Amino acid sequence: MTADSIHSTTQPDSGIVQLAPLLRVSDIGISFGGLKAVQQFSLSLPQSVLYGLIGPNGAGKTTVFNLLTGVYQPDSGKMNLSDISLIGRKPHQITAAGIARTFQNIRLFPSLSVLDNVRLAGQLRSSEGLLHTLLRTSLHHQSEAELKQRAMELLEIFELQHRAHELAGNLSYGHQRRLEIVRALATSPRVLLLDEPAAGLNPQEKRSLAQSIREIRDRFQVAILLIEHDMGLVMDICERIVVLDHGVTICEGTPDVIQNDPQVIAAYLGAAPDSGQNIF
Amino acid sequence: MPRDSTQSPQTRLTPANSGFSGTTGNAWYGLFPLVAGLAMATALQFILPGAAGPYYSRIVIDAGIAIVLAVSLNIVNGMTGQFSIGHAGFMALGGYTAGILTHYGSMLLWGSAGRHGGFLGSGELLFAASCLAGGLISAVAGYVVGLPSLRLRGDYLAIVTLGFGEIMRVILQQTGRVIDDAEKFRSGGLSQLIPPPVGGAVGFDGLPKYTSLFWVYSLVTVTVVVAYRLKVSSPGRAMISVREDEIAAQAMGVDIARQKVMAFVIAAFFAGAAGGMFAHESGVIISPRDAGFQRSFDYVIMTVLGGRGSISGVLIAAAVLTALPEMLRDFEQYRLIVYALLLIMMMLVRPQGLFGIHEIWDLFAPFLRRQQKAAP
Ligand SMILES: Nc1ncnc2c1ncn2[C@@H]1O[C@H](COP(=O)(O)OP(=O)(O)OP(=O)(O)O)[C@@H](O)[C@H]1O
Ligand SMILES: [Mg+2]
């Protein structure tokens, strides 16, 4: 990657940070036994931005996602989505509030069809109740039809519509990763957390994924926080980046700030000595 | 909602949607399977005993009751992927509840505990209402037993449900003798019902024999329709997602605690209603043993053989496993051995059950889809 391409895709951050942040996290932390997995983590995510969260293996990135989505409760700190506090909320409540995620190790519903995976996520916003389902009222038909239509629309955007009736577990790895994103989007989130969506993809798939992620941001007006080990990809598409190491935020800023930060370079060299000087 | 969905061209989407559009406005469509089921139940009631005789009719009734129990258990074990082995406990609770209502209710209403009225007569209506009440009481118990499922899983939950069935069995054993004298009961007041005089270890004898093909297959219809409608719609998908992956389900906004308890409540309701039918079946005296582990295990086997989440598979397994031992009466003592061998074989050859998560008609789905494509 050349320095030019970085600058051409990096938006000047003055215009973005002006907006009131959608997700505001301050000083959250969690320990597992003696291990301080995440400490004093803070983040302010305005609407429709694309931020990166990077760090060596075991730095605590996935743990941050687990904290944000209520899988773990932070030992300390505050988390707010717009004006709602997320502390003490269960994962499904946080999804309902507007934060959706994908998983580092794919967690689809393997024996449900592709369509059902997406519909399942979509029903969070549908009004159908048990009684309507059992009596097959017109409300039931209407909301199921809408669900299906929205699911097919989303699948089409991600070119998965022809696989709608296949079992999710039978999809290729790349398609499964994409389906995870579709499924998360089907919950109509305001914040989308992507945990290593490019892991295991070939270079061509990665390029197309990078393109999709940008499109998602623009099209769905969703703020994206991206965990990714592929530095080329992160530096290329993220406007701002947070760097974690051993649970501590060691740097935050635009890609060019990150690339020239001595602490970041040291963290990565410590973690991956054979990748040499030119880690980005 | 994706914010751009209003902008995308609607025309593209009609094929995906066309299956629904014809039926959206028609409320009767939703009633069709129920009406068809009731018609079938009525036909069975009037044709089968004459055509096949009382012995086979009895087997068909037993099969129907087993179908209700197995299909409802499958909502817990198959759809939400929990493991309950106390289903007979709910059945017995419902059966005894319904029995108390018909036996003592008849005494209060008509002065005798015997059968009252003919087909669809007042006695049968009391019976139907009692089965419904048995179902509701069981559903409440299902709620209570379902609560531990929020903290426990796998083996531990199985032990809790097993414990529930055994507790039911032991409590029922401690109950007092059935009051047969209507006059005495009427003069004695309702306080005689506490603790319930339901026969103790010998069972609740003397219940009016209202259970018929009509009532059993009406209940089968409602159970199967409810199970199927659950399975293919949003609430059912939420349950299935709990089976597939709890963490992912939560991340999709599914309240897994609610789904698990709801599955228990729905399943217990149908088990309780089926228990009511069982208690009033001729040739049956419902007894504390019916709440126990052995009977629960029979239903677990039916769901395992049929396939987790396959309603038609479980239905067939329940019917076959009820009829087969009757046919092979001479080999009665080998029944459990055959069951065990069957289970081991299934685990080795087809661990997902006969049909896995599919329905019988899914086998024809590829064929149908090809036809549809060829048609226009
Ligand atoms: N539930 C848990 N119990 C104990 N330790 C945990 C738990 N979850 C995470 N950890 C530990 O916390 C640290 C951070 O883990 P985390 O998964 O967040 O890292 P990561 O940055 O996502 O790494 P990777 O790039 O490998 O995915 C690790 O040392 C991990 O072992
Ligand atoms: Mg991780």
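Every chain is numbered from 1 and lettered A, B, ... according to where its sequence line falls, protein lines coming before strand lines. Model, not experiment: these values are computed from the prediction. Just so it is clear, the values below take in all heavy atoms, side chains as well, and ignore hydrogens, waters and symmetry mates.
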message = Once side-chain contact (heavy atoms from CB on, under 4.5 Å) is applied, do any residues pair with B/Ala251, and if so which ones, sequence neighbours excluded?
response = A/Arg101, A/Phe103
key: Portion of A/Ala96 that has a non-hydrogen atom of chain B nearer than 4.5 angstrom   = neither
ask   = Between B/Ile247 and chain A, which part of the residue has a heavy atom less than 4.5 Å away: side chain, backbone, both or neither?
value = both
note = Turns out that what part of A/Thr69 lies under 4.5 Å from chain B's heavy atoms comes down to neither
ask   = Picking from B/Ile266, B/Ile256, B/Asp255, which has the most non-hydrogen pairs under 4.5 angstrom with chain A?
value = B/Asp255
message = Would you say CG of A/Leu131 has more than 12 non-hydrogen atoms from neighbouring residues, nucleotides or ligands within 6.0 angstrom?
response = no
inquiry  = I need the single residue from A/Thr133, A/Leu134, A/Leu130 that forms a side chain to side chain contact (heavy atoms under 4.5 Å, CB included) with B/Ser233. Which is it?
reply    = A/Thr133
task = Could you check which of A/Ala97, A/Gly70, A/Pro110, A/Ala184 has the highest count of heavy-atom pairs closer than 4.5 Å to chain B?
result = A/Pro110
task = Compare every heavy atom of A/Gln123 with every heavy atom of B/Pro235, then report the nearest pair and how far apart it is.
result = N-NE2, 4.4 Å
task = Would you check if B/Asp245 and A/Phe109 make a side-chain contact, meaning some heavy-atom pair closer than 4.5 Å?
result = yes
ask   = Judged by modelled atom types alone, do B/Gln250 and A/Thr95 share a side-chain donor-acceptor pair under 3.5 Å?
value = no
ask   = Is atom CD of A/Glu159 surrounded by more than 12 heavy atoms (other residues, nucleotides or ligands) closer than 6.0 Å?
value = no
inquiry  = One pair to check against side chain to side chain contact (heavy atoms under 4.5 Å, CB included): A/Leu147 and B/Arg237. What are the steps and the verdict?
reply    = CA-CA 12 Å; A/Leu147 260 181; B/Arg237 278 193 292 272; 3.9 Å; yes
note = Nearest heavy-atom contact between A/His92 and B/Gly253 is CB-C, 3.5 Å
B/Tyr143, OH: over 12 other non-hydrogen atoms inside 6.0 angstrom = no
task = Could you tell me whether the side chain of B/Ser234 reaches within less than 4.5 Å of the side chain of A/Arg119, counting heavy atoms only?
result = no
query = What is the distance from atom CZ of B/Arg229 to atom CG of A/Leu135, rounded to the nearest 0.5 Å?
reply = 7.5 Å
query = Non-hydrogen atoms of chain A under 4.5 Å away: do they reach the side chain of B/Ala249, the backbone, both or neither?
reply = both
